[in-house]
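Below is one structure, written out as structure tokens; the observations come after it.
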Amino acid sequence: MQGLGNVGGPLVELLLNSGARVLFTEVDESLVKLYRSKFGLEYVPPGAVYDTVSPCAIGGILTPETASRIKCKAIVGGANNQLSSPDVARIMEKRSVLYAPDYVVNVGGAMAILGMETQGWSKERAEEEVALAVR
């Protein structure tokens, strides 16, 4: 997991609850300490995160160089505009790395926020509506 902010933090808990093994990188030392102590997660230095990655921090993180290092089978993250250029998509396609674009990954969150802000949905109602929409 790259980034443990508003997207990555909750995603870590969901992954752990589903039985996944989670490794993480984060530049905020207080978050590093929190997630290591709270969940016992293994920390990965920022430069080594490309072995497996769920980009949930900054955009443009996937460059031609980093795309050639990735060892995972899929990239699914909440950061906006993760690809630095269209060339990155071609590199990952040649390497059979599945990439889920940020607008696909984030659509449930956008739908929930819109419902909460314009329709007055509670968090629980928003989660129910999103779950119904993706079925």
Side-chain angles (χ1 to χ4, degrees):
M1 179 71 57
Q2 181 230 6
L4 297 175
N6 292 332
V7 174
L11 181 56
V12 164
E13 293 192 46
L14 290 170
L15 291 169
L16 291 172
N17 289 338
S18 70
R21 177 177 173 240
V22 179
L23 293 83
F24 79 99
T25 192
E26 173 60 61
V27 295
D28 182 332
E29 287 297 321
S30 64
L31 289 175
V32 171
K33 290 176 185 175
L34 173 68
Y35 280 81
R36 289 182 89 176
S37 65
K38 184 175 180 180
F39 298 110
L41 296 182
E42 183 179 339
Y43 175 78
V44 177
V49 72
Y50 301 101
D51 292 345
T52 58
V53 63
S54 177
C56 293
I58 60 173
I61 196 77
L62 299 170
T63 65
E65 191 271 327
T66 58
S68 65
R69 292 175 48 195
I70 292 169
K71 297 179 183 175
C72 57
K73 294 181 181 183
I75 298 173
V76 182
N80 293 331
N81 305 312
Q82 298 161 22
L83 305 184
S84 65
S85 72
D87 295 336
V88 176
R90 289 187 279 281
I91 292 167
M92 290 191 301
E93 181 180 21
K94 287 179 184 172
R95 298 186 64 230
S96 298
V97 175
L98 177 67
Y99 169 69
D102 57 283
Y103 55 86
V104 173
V105 174
N106 293 332
V107 73
M111 182 181 155
I113 289 170
L114 188 62
M116 290 166 59
E117 290 180 356
T118 65
Q119 305 296 315
W121 294 350
S122 65
K123 180 181 179 208
E124 293 76 22
R125 166 91 186 269
E127 289 174 356
E128 289 171 12
E129 294 288 342
V130 170
L132 286 171
V134 298
R135 285 188 190 156

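The residues of the chain are indexed from 1 along the displayed sequence. Heavy-atom basis, side chains included; hydrogens, waters and symmetry copies ignored.
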Fill in: Co-members of Val104 in a cluster of I, L, V, M, F, W and Y side chains, linked at under 4.5 Å
Tyr103
Fill in: Gap separating the CE atom of Met92 from the CG atom of Leu62, nearest 0.5 angstrom
5.5 Å
Distance-only check: which donor-acceptor pairs under 3.5 Å involve side-chain atoms of residues 107-116, not counting sequence neighbours?
none

Fill in: Connected via hydrophobic side-chain network under 4.5 Å: Leu34 and Leu11
yes
Worksheet item: Atom CG in Leu23, atom CD in Gln2: separation rounded to 0.5 Å?
Response: 13.5 Å
Worksheet item: Taking a hydrophobic cluster as the set of Ile, Leu, Val, Met, Phe, Trp and Tyr residues connected by side-chain heavy atoms closer than 4.5 Å, whether directly or through intermediates, do Val7 and Leu4 fall within one such cluster?
Response: no
Discussion item. Can you confirm whether Asp28 is buried at CG, in the sense that more than 12 heavy atoms of other residues, nucleotides or ligands lie under 6.0 Å from that atom?
Written reply: yes
Worksheet entry | Pairwise side-chain contact, Ile75 with Val97, heavy-atom cut-off 4.5 Å (strictly under) | yes
Discussion item. According to side chain to side chain donor-acceptor pair (under 3.5 Å), who are the partners of Glu42, at least two apart in sequence or on a separate chain?
Written reply: Arg21
Worksheet item: Should side-chain heavy atoms under 4.5 Å link Ile, Leu, Val, Met, Phe, Trp and Tyr, which residues sit in the same cluster as Val27?
Response: none
Item to complete: For Pro10 and Gly5, work out which heavy atoms get closest and say how close.
Response: CD-O, 3.5 Å
Worksheet item: With sequence neighbours excluded, what pairs up with Tyr35 under the ring-ring contact (aromatic ring centres under 6.0 Å, His included) test?
Response: Phe39
Discussion item. For the CD atom of Glu129 and the CD atom of Gln119, what is their distance to the nearest 0.5 Å?
Written reply: 9.5 Å
Fill in: Nearest atoms (heavy-atom pairs only) where Asp102 meets Asn81
OD1-N, 3.3 Å
Discussion item. I need the minimum non-hydrogen distance between Val105 and Gly77, along with the two atoms involved.
Written reply: CG1-O, 3.5 Å
Item to complete: First locate atom CG of Leu83, then atom CD1 of Ile61, and finally report the distance between them rounded to the nearest 0.5 Å.
Response: 11.5 Å
Discussion item. Is it the case that atom CD in Glu13 sees more than 12 heavy atoms from other parts of the structure closer than 6.0 Å?
Written reply: yes
Fill in: Non-neighbouring partners of Glu127 that pass salt bridge (charged side-chain N to carboxylate O under 4.0 Å, His left out), sequence neighbours left out
Lys123
Worksheet item: Within a strict 4.5 Å, meaning less than it, do heavy atoms of the Tyr99 and Val88 side chains meet?
Response: no
Discussion item. As an exercise, state the distance from CZ of Arg36 to CD of Glu26, rounded to the nearest 0.5 Å.
Written reply: 13.0 Å
Fill in: Hydrophobic cluster identity match, Leu98 and Leu15, side-chain contacts under 4.5 Å
no
Discussion item. Using a 3.5 Å distance criterion without hydrogens, assess whether the side chain of Ser68 forms a donor-acceptor pair with backbone atoms of Ile91.
Written reply: no
